[in-house]
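For ligands, and for the atoms within them, numbers begin at 1 and follow the listed sequence.
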Amino acid sequence: MQRIMTIFGTRPEAIKMAPVIKALEKDPTFSPVTVVTGQHKEMLDSALNAFHIKPDHNLHLMKKNQTLTSITVGALTKLEPIIAKTKPAIILVHGDTTTTLGATLAAFYQKIPVGHVEAGLRTYSRYDPYPEEINRQVTDAISSLYFAPTKKAEQNLLQEHHDASHVFVTGNTAIDALEHTVSADYHSDVLDKIDPQKKLLLVTMHRRENQGEPMRQALQAIKDMLLSRDDLEMIFPVHLSQRVQNIAHEVFDGVAQAHLTKPLDVIDFHNLAARSYLILTDSGGVQEEAPSLQKPVLVLRDTTERPEGVTAGTLKLVGTDPTMIKQALTELLNDPQKYKQMADAKNPYGDGHASERIVTALHQYLDGRDH
Ligand code: UD1
Ligand code: UDP
């Protein structure tokens with residue numbers, strides 16, 4: 001049996017790695033070893049619980065005022081003995097977080113090959129998103145095996161001269177995760193509180209480059225819309241980052257139509273997204289999931305590494321400019337044709353079978369190395 005180590009540490013990584021771990025568990029030739037850095041705590045634990053994943057190792061890194069440096073150093077230091085003892089055939093990482101970068105470096109230092117799930121996403125804009133764009137470029141520079149979610153991501157990798165025989169287009173595992181979470185008869189406290197007569201806006205916003213004035217003005221624009229009409233309600237599960245909490249409460253406290261909640265369990269969140277009217281977000285994962293739920297997304301960013309959704313018509317980039325946000329929102333609320341065009345566009349990010357393709361590619365790669 002070959003040991004396949006997965007290392008991740010934040011909520012989105014857990015949600016998108018969960019289907020890969022499940023697929024590895026089904027394969028009798030692989031022995032999965034799950035390591036979490038604990039870059040996130042409550043938000044990570046909630047995602048792990050939703051998918052019934054019990055990590056073999058948890059580094060418990062999260063501190064209240066953690067910095068990029070403290071997470072990177074902590075991951076490198078604490079992963080070293082675990083990797084040395086386990087000696088996995090390959091280490092799988094996901095995406096572009098500080099954990100991803102730290103785990104990739106830790107693997108490289110012990111000459112263990114890295115398989116990068118969600119490889120090849122690019123804005124080619126150094127600080128946008130910060131620090132994720134450079135995290136994923138460095139991760140791809142070090143990785144040996146690439147699971148590109150789309151043809152576009154594959155193209156980016158090939159343009160950068162990565163070995164084409166080690167690049168596999170798999171789809172995004174986020175879509176696999178949705179198969180486990182969304183059901184028509186799902187009930188929860190949050191869902192049952194929604195007024196069915198109102199159009200529900202689902203909001204999430206947390207990116208570092210948006211924190212401060214951009215976030216404040218974007219949220220203020222949404223607040224203005226809530227106050228200017230009587231057909232809207234908003235739910236905003238607020239990220240636990242203190243900077244995000246402060247701005248969200250400053251803008252929305254006292255607004256009756258605005259419901260701020262704790263980060264939701266992923267099963268609640270996906271089912272809530274499925275019942276929303278539209279989504280406003282700067283999240284990466286939510287941009288990929290929403291089209292599968294036929295929900296238009298207004299992306300609160302100036303760039304996206306997920307341009308496939310913009311081309312397909314499911315995403316619209318509106319940035320954080322209040323005028324742009326209000327215009328786009330008004331159009332989707334008032335023009336059923338425009339709404340339908342966005343809602344009905346086909347999801348370009350996957351078909352729910354990405355994890356199976358990743359396991360097949362792993363066999364191909366590892367069997368090739370054995371000979
Ligand atoms: C990280 C990722 C980002 C990803 C996001 C997902 C990096 C560089 N960024 O950003 O790509 O989109 O996670 O959410 O890795 N906190 C808690 N409990 C938790 C989680 C966070 O209290 O369960 C608080 C902590 O005070 C922490 C802060 O949130 O210090 C920020 O978390 P951190 O992981 O440093 O950065 P994110 O902004 O979440
Ligand atoms: N999500 C969740 N609960 C919430 C908000 C989001 O489970 O309250 C899920 C969402 O469905 C997606 C992931 O978290 O799968 C996205 O995480 P986040 O936006 O924190 O990070 P990003 O994808 O931007 O890196």
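Side chain of Asn210 to backbone of Leu300: a donor-acceptor contact under 3.5 angstrom is found. The main-chain N or O of Ser183 is found under 3.5 Å from a side-chain atom of Asn271 such that the two form a donor-acceptor pair. Listed for the Asp265 side chain is a donor-acceptor partner under 3.5 Å among the backbone atoms of Asp268. The main-chain N or O of Ala84 is found under 3.5 Å from a side-chain atom of Lys87 such that the two form a donor-acceptor pair. Although no hydrogens or angles enter the test, the distance criterion places a donor-acceptor pair under 3.5 Å between the side chain of Glu133 and the main chain of Tyr124.
At the shortest separation from atom 7 (O) of ligand 2 among protein heavy atoms lies Val266 CA, 3.2 Å. The single protein non-hydrogen atom nearest to atom 21 (O) of ligand 2 is Pro12 CG, 3.3 Å, given as residue, atom name and distance. With respect to atom 20 (O) of ligand 2, the closest heavy atom belonging to the protein is Arg11 NH2, 2.8 Å. Remark: minimum distance from atom 23 (O) of ligand 2 to any protein heavy atom is reached at Gly285 N, 2.7 Å. Residue, atom and distance of the protein heavy atom nearest to atom 16 (C) of ligand 2 are Ser283 OG, 3.6 Å. Of all protein heavy atoms, the one closest to atom 30 (O) of ligand 1 is Lys64 O, 3.0 Å. In terms of protein heavy-atom proximity, atom 13 (C) of ligand 2 is nearest to Ile15 CD1, 3.8 Å. The single protein non-hydrogen atom nearest to atom 12 (C) of ligand 2 is Glu289 OE2, 3.3 Å, given as residue, atom name and distance. Protein heavy atom in closest approach to atom 2 (C) of ligand 2: Leu264 O, 3.6 Å.
Close contacts of ligand 1 with Leu68, meaning ligand atoms under 4.0 Å from a residue heavy atom, involve 8 (C). Remark: ligand 1 atoms within the under-4.0 Å shell around heavy atoms of Leu240 are 16 (N), 17 (C), 18 (N), 19 (C), 22 (O), 24 (C), 29 (O). The distance from ligand 1 to the heavy atoms of Pro131 drops below 4.0 Å at these ligand atoms: 8 (C). Which parts of ligand 1 touch Ser241 is read off a 4.0 Å heavy-atom cut-off, strictly below it: atoms 24 (C), 28 (C), 29 (O). Per-residue contacts place His206 under 4.0 angstrom from the following atoms of ligand 2 (heavy atoms of the residue considered): 18 (P), 19 (O), 20 (O), 21 (O), 24 (O). Shown in contact with Lys63 at under 4.0 Å from a heavy atom are these atoms of ligand 1, numbered in order with element: 30 (O). Interface of Arg207 with ligand 1, defined as ligand atoms under 4.0 Å from a residue heavy atom, comprises 3 (C), 11 (O), 12 (O). Taking every non-hydrogen atom of Pro263 and a distance limit under 4.0 Å, the qualifying atoms of ligand 2 come out as 8 (O). The distance from ligand 1 to the heavy atoms of Lys41 drops below 4.0 Å at these ligand atoms: 19 (C), 23 (O). Using a 4.0 Å cut-off to heavy atoms of Thr98, the atoms of ligand 1 that qualify are 7 (C), 8 (C), 15 (O).
From Ile358, atom CD1 reaches atom CG of Leu92 across 8.0 Å, with rounding to the nearest 0.5 Å. To the nearest 0.5 Å, atom CG of residue Leu178 and atom OG1 of residue Thr173 are 10.5 Å apart.
Here's the thing with His40: one of its N/O atoms is less than 3.5 angstrom from an N/O atom of ligand 1. Taking distance alone, with nitrogen or oxygen atoms compared against 3.5 Å, Thr99 stays at or beyond that limit from ligand 1. For a threshold of 3.5 Å applied to N or O pairs, the pair formed by Arg207 and ligand 2 contains at least one separation below that value.
Residue Pro12 touches ligand 1 through its side chain alone, judged by heavy-atom distances below 4.0 Å. The residue Met43 has no part lying near ligand 2, judged by heavy-atom distances below 4.0 Å. Contact annotation for Asn65 and ligand 1: no heavy atom of the residue comes within less than 4.0 Å of the ligand. Contact annotation for Glu132 and ligand 1: only side-chain heavy atoms (C-beta onward) come within less than 4.0 Å of the ligand. Under 4.0 Å from ligand 2, the heavy atoms of His270 that appear belong solely to its side chain. With a 4.0 Å cut-off on non-hydrogen atoms, Gln242 does not touch ligand 1 at all.
Under 3.5 Å, the side chains of Arg306 and Gln287 contain no donor-acceptor pair of N or O atoms.
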Exercise for review: Test Glu308 against Lys151 for salt bridge (charged side-chain N to carboxylate O under 4.0 Å, His left out), laying out the working first.
Suggested key: CA-CA 9 Å; Glu308 301 87 346; Lys151 289 294 269 180; over 6 Å; no
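With Arg11, His206, Met62 as candidates, the residue nearest to atom 17 (C) of ligand 1 on a non-hydrogen basis is Met62. With atom 22 (P) of ligand 2 as the reference point, the heavy atom nearest to it among Pro129, Gly284, Gly95 is part of Gly284. Nearest-heavy-atom check against atom 35 (O) of ligand 1 across Gln66, Arg243, Gln211, Glu13 picks out Gln66. By heavy-atom distance, the residue among Gln245, Gln39, Arg208, His239 lying nearest atom 34 (O) of ligand 1 is Gln39.
Partner of Leu280 under the side chain to side chain contact (heavy atoms under 4.5 Å, CB included) criterion, out of Leu201, Leu219, Val286: Leu201 alone. Considering Arg136, Arg122, Lys152 as possible partners of Glu305, the one that fulfils the salt bridge (charged side-chain N to carboxylate O under 4.0 Å, His left out) test is Arg136. Of the listed residues (His206, His60, His239), just one forms a ring-ring contact (aromatic ring centres under 6.0 Å, His included) with His40, and that residue is His239.
Here the side chains of Gln66 and Gln39 are in contact, with some heavy-atom distance below 4.5 Å. Using a 4.5 Å heavy-atom threshold, the side chains of Thr139 and Thr104 count as touching.
Look at Glu179 and Lys22 and you find no salt bridge, because none of the NZ, NE, NH1 or NH2 atoms lies under 4.0 Å from a carboxylate O. Note on Arg357 versus Asp176: no salt bridge recorded, every NZ/NE/NH1/NH2 to OD/OE distance being 4.0 Å or above. Salt-bridge check for Glu42 with Lys262: failed, with every basic side-chain N at 4.0 Å or more from each acidic carboxylate O.
At a threshold of 4.5 Å between side-chain heavy atoms, the hydrophobic network of Ile, Leu, Val, Met, Phe, Trp and Tyr places Leu121 and Val167 in two separate groups. Put simply, Leu200 and Leu332 are part of two different groups of oily side chains (I, L, V, M, F, W, Y) that touch within less than 4.5 Å, one to the next.
Every heavy atom of Ala174 sits 4.0 Å or more from the atoms of ligand 2.
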